[in-house]
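Here is the naming used below: chain letters follow the sequence lines, and residue numbers restart at 1 for every chain.
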Amino acid sequence: MPVGTVGSVKAVHPRELKNDIRAEIILGNTYHLYLRPGTDVIRAGGGIQEFNGWKGPMLTDSGGFQVFSLATARKITEEGVTFRSHIDGSKCLFTPENVMDIQRSIGADIIMAFDECPPGTSEYPYALKSLALTERWLKRCIARFRETAPLYGYEQALFPIVQGCVYKELRQRAAENIARLNMDGNAIGGLAVGEPAEKMYEMIEAVNSILPEDKPRYLMGVGTPENILEAIALGVDMFDCVMPTRNGRNGMLFTTEGMINIRNEKWKKDFSPLDPEGICFTDTDYTKAYLRHLVKSDEILGLQICSVHNLAFYMWLVREARKKIEEGVFSVWKTGILKKITNRL
RNA sequence: GGGGAGAUACCAAAGCGGCCAACUGGGGCAGACUGUAACUCUGCUGACUUAUGUCUUCGUAGGUUCGAAUCCUGCUCUCCCCA
């Protein structure tokens, strides 16, 4: 098990970083986790701010996943994807080229290739065709990326994305092609989209045996705390996921003691802290009973607290993982901690 | 004192002779949520039991009817208006 992969990358607490921090953390609906030096979260939506005293680089996605998740109103062609804006109904076109341009102008440190993300249930012939398209698009992305310059005086990194659905030979082929490109980091996409978790782990293992260990390997869109720890065990360095915020907004809290649904009446008179570990100010400043009251009363503050807490939990989780890797006890720790945190309270 | 309205399951509120164990919200219970437009979605919520089964429910006591939460009468309580 390539557990050593993450450990081989030097872990640095973001507070120890000074001049080399340039990107502010933008806390909104999305966050990103990055296990490489000096990196711990975050991005997107609603004003630049720090998150719980942390700072990190910014990452933007290409819109490839939206093509998958908003599947109703889109058309995929060789040129790119056309779809209707959910805002004003106007017709939009994403191409590998304009997606690179857009991400240049947003100025993220890490930008993603434009790919197609087929459903986890796709048959082989479609997966094959889809991967071929993704690979042609990747060439165009890289070409555009190389013929344009960053707009704000610092370099940006373009990560290609390994696709191939649940077909090992496709994943391996994709990984080999991408490894040869020698980009700054590499991503694994098209997982946790309907296939069984075991299949996902199988694919990660196959891909990570090919992608270079000395560059970040980014598993896109994953996942549950369990998924993340399993993926780390398989050598993944970097994640992003809506789960802490979306599930938080829906009243689900991840804590070091287990998962709780804060809406449940059992918390009505529970004045204990959200998380005894005290990972974040939310955990000690608010009680479960108060948070439940906020959520039940439709006070937006309740959902904010849930989101911030869950983000802090995810960061705690990967921080611990990093520490345990460095101490050489990751596997044992993983087994124990999973039992705790996946427990429903 | 006079006139009027109403009492339905934990709460609110439909139903106004059979299709009602009773619409719909809320509450409660359970589940979902994985490269985020969206503080969202789904199921259950009388009892026994788990089946196109039985039993007990719509303030209370009677009555009419093959059949009543629904119609009639008495009683109890609540609310509104005028004095």
Side-chain angles (χ1 to χ4, degrees), chain A residues 26-34 42-46 59-70 72-74 83-89 92 94 99 103 108 110-120 134 159-163 185-197 199-201 204 217-231 236 238-254 259-268 291-308 310-311 314 344:
Chain A
I26 306 172
L27 176 62
N29 282 333
T30 302
Y31 78 104
H32 291 84
L33 298 179
Y34 183 32
I42 307 355
R43 72 112 183 175
L59 181 152
T60 51
D61 192 18
S62 62
F65 188 73
Q66 278 56 43
V67 171
F68 162 72
S69 67
L70 305 175
T72 47
R74 55 130 219 236
F83 59 96
R84 294 211 164 272
S85 161
H86 68 275
I87 299 188
D88 61 6
C92 303
F94 275 174
V99 160
Q103 293 185 95
I110 298 167
I111 70 176
M112 302 306 300
F114 189 57
D115 64 340
E116 191 199 350
C117 179
T134 288
F159 284 22
I161 305 169
V162 174
Q163 287 290 350
N186 300 296
I188 307 169
L191 291 174
V193 286
E195 80 289 355
K199 267 283 171 208
M200 170 167 81
Y201 298 143
I204 295 169
R217 297 187 285 206
Y218 165 30
L219 179 59
M220 302 188 76
V222 177
T224 65
E226 182 171 12
N227 291 159
I228 287 179
L229 294 189
E230 296 300 343
V236 173
M238 196 175 144
F239 303 88
D240 81 286
C241 189
V242 304
M243 190 163 278
T245 47
R246 179 180 290 161
N247 286 27
R249 269 180 274 126
N250 292 331
M252 182 183 173
L253 254 44
F254 296 97
M259 303 182 290
I260 75 181
N261 181 349
I262 198 63
R263 313 182 97 102
N264 286 170
E265 193 166 38
K266 67 198 289 190
W267 310 115
K268 191 172 187 171
L291 181 56
R292 176 181 185 274
H293 161 256
L294 290 176
V295 171
K296 296 296 290 185
S297 310
D298 291 326
E299 285 288 349
I300 194 71
L301 175 61
L303 306 186
Q304 292 172 331
I305 292 170
C306 289
S307 296
V308 170
N310 279 349
L311 288 172
Y314 266 61
R344 257 182 201 277

Checklist line | Pairing partner (Watson-Crick or G-U wobble, both distances under 3.5 angstrom) of U56(B) | finding: none

Next item on the list: Mind checking side chain to side chain contact (heavy atoms under 4.5 Å, CB included) for K266(A) and listing every partner two or more places apart, or none if nothing turns up?
Entry: N264(A)

Next item on the list: Could I get the full list of side chain to side chain contact (heavy atoms under 4.5 Å, CB included) partners for L294(A), not counting sequence neighbours?
Entry: Y290(A), E299(A), L301(A), I305(A)

Next item on the list: Please report, rounded to the nearest Å, how far the P atom of A30(B) is from the CE atom of M259(A).
Entry: 13 Å

Next item on the list: Could you work out the separation of U60(B) and C77(B) based on their C1' atoms and round it to a whole Å?
Entry: 10 Å

Check: G1(B) pairs with which nucleotide, Watson-Crick or G-U wobble, both distances below 3.5 Å?
Finding: C82(B)

Next item on the list: Using the closest heavy atom to pick a nucleotide of RNA chain B for each, name whichever of M112(A) or G251(A) lands nearer the 5' end.
Entry: M112(A)

Item checked: Pairing partner (Watson-Crick or G-U wobble, both distances under 3.5 angstrom) of U50(B) -> none

Next item on the list: Report yes if a donor N or O on one partner sits less than 3.5 Å from an acceptor N or O on the other, where the partners are the side chain of D115(A) and the base of G35(B); otherwise report no.
Entry: yes

Item checked: Nucleotide G35(B), atom P - distance to CG of N227(A) in whole Å -> 11 Å

Margin query: Under 4.0 Å, counting only non-hydrogen atoms across every strand here, what does E195(A) touch: a base, just sugar-phosphate, or nothing?
Written below: nothing

Checklist line | Sugar-phosphate only, base, or nothing, as touched by I161(A) at under 4.0 Å among non-hydrogen atoms | finding: base

Checklist line | Donor/acceptor link under 3.5 angstrom from N250(A) side chain onto base of C33(B) | finding: yes

Notebook entry, point to check: Would you say U40(B) has OP1 or OP2 under 4.0 Å from some side-chain N or O of R246(A)?
Noted result: no

Check: U70(B) and G17(B): how far apart are their C1' atoms, nearest whole angstrom?
Finding: 6 Å

Check: Of all the choices, U34(B), G35(B), C39(B), which nucleotide is nearest to the side chain of I300(A) once you look at every atom?
Finding: C39(B)

Checklist line | Ring center gap for F254(A) and Y314(A) short of 6.0 angstrom | finding: yes

Item checked: Residue list, side chain to side chain contact (heavy atoms under 4.5 Å, CB included) with N250(A), at least two apart or on another chain -> R246(A)

Note to self: Taking side chain to side chain donor-acceptor pair (under 3.5 Å) as the definition, give me every residue that meets it alongside N310(A), ordered by chain and number, with sequence neighbours left out.
What the structure shows: none

Checklist line | F254(A) CZ to A32(B) P, straight-line distance once rounded to whole Å | finding: 11 Å

Check: Which pairs with one or both residues in residues 218-231 of chain A pass salt bridge (charged side-chain N to carboxylate O under 4.0 Å, His left out), sequence neighbours excluded?
Finding: E230(A)-K334(A)

Notebook entry, point to check: Given the P atoms of G43(B) and U78(B), what is the spacing between them in whole Å?
Noted result: 42 Å

Margin query: With a 3.5 Å limit on both atom pairs, tell me what U64(B) is paired to, counting Watson-Crick and G-U wobble, or say none.
Written below: none

Check: Rounded to the nearest Å, what distance is computed from the CD atom of residue E226(A) to the C1' atom of nucleotide C33(B)?
Finding: 16 Å

Next item on the list: From the options G35(B), U34(B), A32(B), select the nucleotide whose nearest atom is closest to the side chain of C117(A).
Entry: G35(B)

Check: Please give, in whole Å, the distance from A32(B) C1' to R249(A) CZ?
Finding: 15 Å

Notebook entry, point to check: Expressed in whole Å, how much space separates the C1' atoms belonging to G46(B) and U56(B)?
Noted result: 8 Å

Every protein N/O lying under 3.5 Å from an N/O of nucleotides 25-29 of chain B:
residue, atom, partner, partner atom, Å
G28(B), OP1, R292(A), NH2, 2.3
G28(B), OP1, K296(A), NZ, 3.3
G28(B), OP2, K296(A), NZ, 2.1
C29(B), OP1, E265(A), N, 3.1
C29(B), OP2, E265(A), N, 3.4

Check: Does D240(A) use its side chain to pair, donor to acceptor, with the backbone of G221(A) at less than 3.5 Å?
Finding: yes

Item checked: Whole-Å C1' distance, A9(B) and G4(B) -> 28 Å

Next item on the list: Rounded off to whole Å, could you give me the CZ-to-P distance for the F65(A) and U34(B) pair?
Entry: 7 Å

Next item on the list: Quick one: look up who A7(B) pairs with, Watson-Crick or G-U, both distances under 3.5 Å, and put none if it's unpaired.
Entry: U76(B)

Check: For G35(B), does OP1 or OP2 lie under 4.0 Å from any side-chain N or O of Q66(A)?
Finding: no

Notebook entry, point to check: Rounded to whole angstroms, how far apart are OH on Y314(A) and C1' on C33(B)?
Noted result: 11 Å

Checklist line | Value rounded to 0.5 Å, distance of OH in Y218(A) from CG in N186(A) | finding: 12.5 Å

Notebook entry, point to check: Among the nucleotides A37(B), C39(B), G31(B), which one has an atom lying closest to any side-chain atom of R344(A)?
Noted result: G31(B)

Next item on the list: Would you mind classifying the nucleic acid contact of G190(A) as base, sugar-phosphate or nothing, using non-hydrogen atoms under 4.0 angstrom?
Entry: base

Notebook entry, point to check: C33(B), U34(B), G35(B): which one has an atom nearest the side-chain heavy atoms of M252(A)?
Noted result: C33(B)

Check: If the C1' atom of C20(B) is compared with that of A69(B), how far apart are they to the nearest Å?
Finding: 8 Å

Next item on the list: Grab the CD1-P distance between I260(A) and G31(B) for me, whole Å please.
Entry: 13 Å

Check: Side-chain contact, heavy-atom cut-off 4.5 Å: E195(A) with M200(A)?
Finding: yes

Notebook entry, point to check: Taking the P atom of each, how far is C23(B) from C16(B), in whole Å?
Noted result: 14 Å

Margin query: When the P atoms of C55(B) and A21(B) are compared, how many Å lie between them, rounded to an integer?
Written below: 12 Å

Notebook entry, point to check: Whom does G43(B) pair with, Watson-Crick or G-U wobble, provided both distances fall under 3.5 Å?
Noted result: C29(B)

Notebook entry, point to check: Can you name the one residue among N261(A), V295(A), L291(A) that meets side-chain contact (heavy atoms from CB on, under 4.5 Å) with L253(A)?
Noted result: L291(A)

